[in-house]
Protein chains: 2
Amino acid sequence: MKKLRVLEQPCCAPGAPPLPRKSAEAIAERFKALADPARVSIVNRIAGQGEVCTCQLTGPIGLSQPTVSHHLRVLKEAGLIEVARRRGTWTFYRLVPSAMEQLAFAIGGSLEPGGVLVTDEPAAAV
Amino acid sequence: MKKLRVLEQPCCAPGAPPLPRKSAEAIAERFKALADPARVSIVNRIAGQGEVCTCQLTGPIGLSQPTVSHHLRVLKEAGLIEVARRRGTWTFYRLVPSAMEQLAFAIGGSLEPGGVLVTDEPAAAV
DNA sequence: CTGTTACATTGATAAACGTCAATGAAGAAG
DNA sequence: CTTCTTCATTGACGTTTATCAATGTAACAG
């Protein structure tokens with residue numbers, strides 16, 4: 001069982017205790033990885049297909065190969081994605097689920113596979 | 001049950017359908033608002049206290065008043081916070097819960113007030 | 001070996017961002 | 001009125017970021 005390194009509690013939930021500077025920086029670092037449309041798209045494609053190689057991304061996203069490679073690097077260094085496997089010259093990436101959970105957790109949410117829809121209705125009903 | 005304007009489904013959950021460019025930009029815009037340690041801290045303080053005025057932030061966060069004001073503006077324009085009330089020269093801000101929910105939802109999480117803690121450790125007291 | 005494919009890295013350039021000093025705007029108190 | 005307080009805005013500065021062309025690396029195929 002791996003421990004969450006960064007967050008012991010949600011940063012942005014009601015009643016949240018003051019956040020140490022270090023934690024704030026760590027959280028911001030993660031969010032920064034998702035603060036670009038290209039990277040959101042990349043993560044989305046990977047999420048939809050499970051494993052994706054670089055050449056499957058340049059076309060749909062409409063960016064050059066070096067640029068895509070750069071974004072993959074950023075995402076990888078943020079711990080959001082990782083290399084799933086290499087076959088020949090292909091490099092396949094996949095998501096790191098626990099990293100996504102950390103992000104959702106940081107905002108005060110949780111990963112709920114059952115899929116509760118988020119609405120503007122009072123959440124208490126859920 | 002009102003539907004989310006920006007996100008009809010999580011962008012980063014397994015099996016997610018391809019994300020339109022517009023949606024990717026909208027999501028990235030939201031994440032960008034949290035992609036700075038100062039703003040993470042600000043949101044955290046607001047979350048912990050419910051309503052906070054600008055002068056309560058400059059000290060703990062250690063930034064000048066104009067800088068804090070700038071970050072508050074960014075957060076406000078991203079729809080993450082809003083002006084709760086003005087009393088005299090004070091301006092009190094509060095979170096916009098639905099915006100937080102959207103963010104958590106985008107990553108594939110959901111806001112669960114009951115609090116299923118996402119951690120591999122035995123959940124510490126919230 | 002030669003050539004091709006997939007990906008990573010480097011270098012350069014333009015845009016965006018964070019920060020603060022200075023200034024402006026609006027209310028409260030005297 | 002004047003003065004003080006709180007907050008927002010402007011302007012300037014240095015840093016970071018996104019992007020691509022060019023180049024490098026590695027694994028195949030022949």
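Computed from a prediction, not measured in an experiment: that's the story for all the values here. Residue numbering restarts at 1 for every chain, and letters A, B, ... go by the order of the sequence lines.
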Mind checking side-chain hydrogen bond (donor to acceptor under 3.5 Å, both in side chains) for [X] and listing every partner two or more places apart, or none if nothing turns up?
X: A:Thr54; answer: none
X: A:Thr89; answer: none
X: A:Glu51; answer: A:Arg85
X: A:Thr58; answer: none

The first and last nucleotides of DNA chain D lying within contact of chain A, meaning any atom under 4.0 Å from one of its heavy atoms, run from D:dT17 to D:dC28
Span of DNA chain C engaged by chain B, first through last nucleotide within the 4.0 Å heavy-atom cut-off, is C:dC17 to C:dA28
- request: Flag yes if A:Leu57 and A:Val83 sit in one hydrophobic cluster, no otherwise; membership is Ile, Leu, Val, Met, Phe, Trp, Tyr, and two members link when side-chain heavy atoms are under 4.5 Å apart.
  value: yes
So the salt bridge (charged side-chain N to carboxylate O under 4.0 Å, His left out) pairs with at least one residue in residues 69-84 of chain A (sequence neighbours excluded) are A:Arg73-A:Glu77, A:Glu82-A:Arg94
So salt bridge (charged side-chain N to carboxylate O under 4.0 Å, His left out) across residues 10-22 of chain A, not counting sequence neighbours, yields none
Closest non-hydrogen contact found for A:Ala28 with B:Asp36 is CB-C, 3.5 Å
Heavy-atom nearest pair, A:Ala35 first then B:Ala35, reads CB-CB, 3.9 Å
Mind checking if B:Tyr93 touches a base, just sugar-phosphate, or nothing, with heavy atoms under 4.0 Å?
sugar-phosphate
Requested in this report: Quick one: label B:Arg87 by what it contacts on the DNA or RNA (base, sugar-phosphate, nothing), any heavy atom closer than 4.0 Å.
Outcome: nothing
- request: Answer with yes or no whether the side chains of B:Arg45 and B:Gln56 bring together a donor and an acceptor at under 3.5 Å.
  value: no
Of B:Arg86 and A:Gly62, the one whose closest nucleotide on DNA chain D sits nearer the 5' end is B:Arg86
By nearest-nucleotide position on DNA chain D, the 5'-leaning member of A:Ala38 and B:Thr89 is B:Thr89
Members sharing B:Val96's hydrophobic cluster, built from side-chain contacts under 4.5 Å between Ile, Leu, Val, Met, Phe, Trp and Tyr, are none
Joining Ile, Leu, Val, Met, Phe, Trp and Tyr whenever any side-chain heavy atoms lie under 4.5 Å apart, the cluster holding B:Trp90 also takes in B:Phe92
What residues 41-56 of chain B contributes to the DNA chain C interface at heavy-atom separation below 4.0 Å is none
Here the gap from A:Thr91 atom OG1 to A:Arg86 atom CZ, rounded to the nearest 0.5 Å, amounts to 4.5 Å
Ordered by number, residues from residues 65-83 of chain B within less than 4.0 Å of DNA chain D (heavy atoms) are B:Gln65, B:Pro66, B:Ser69, B:Arg73
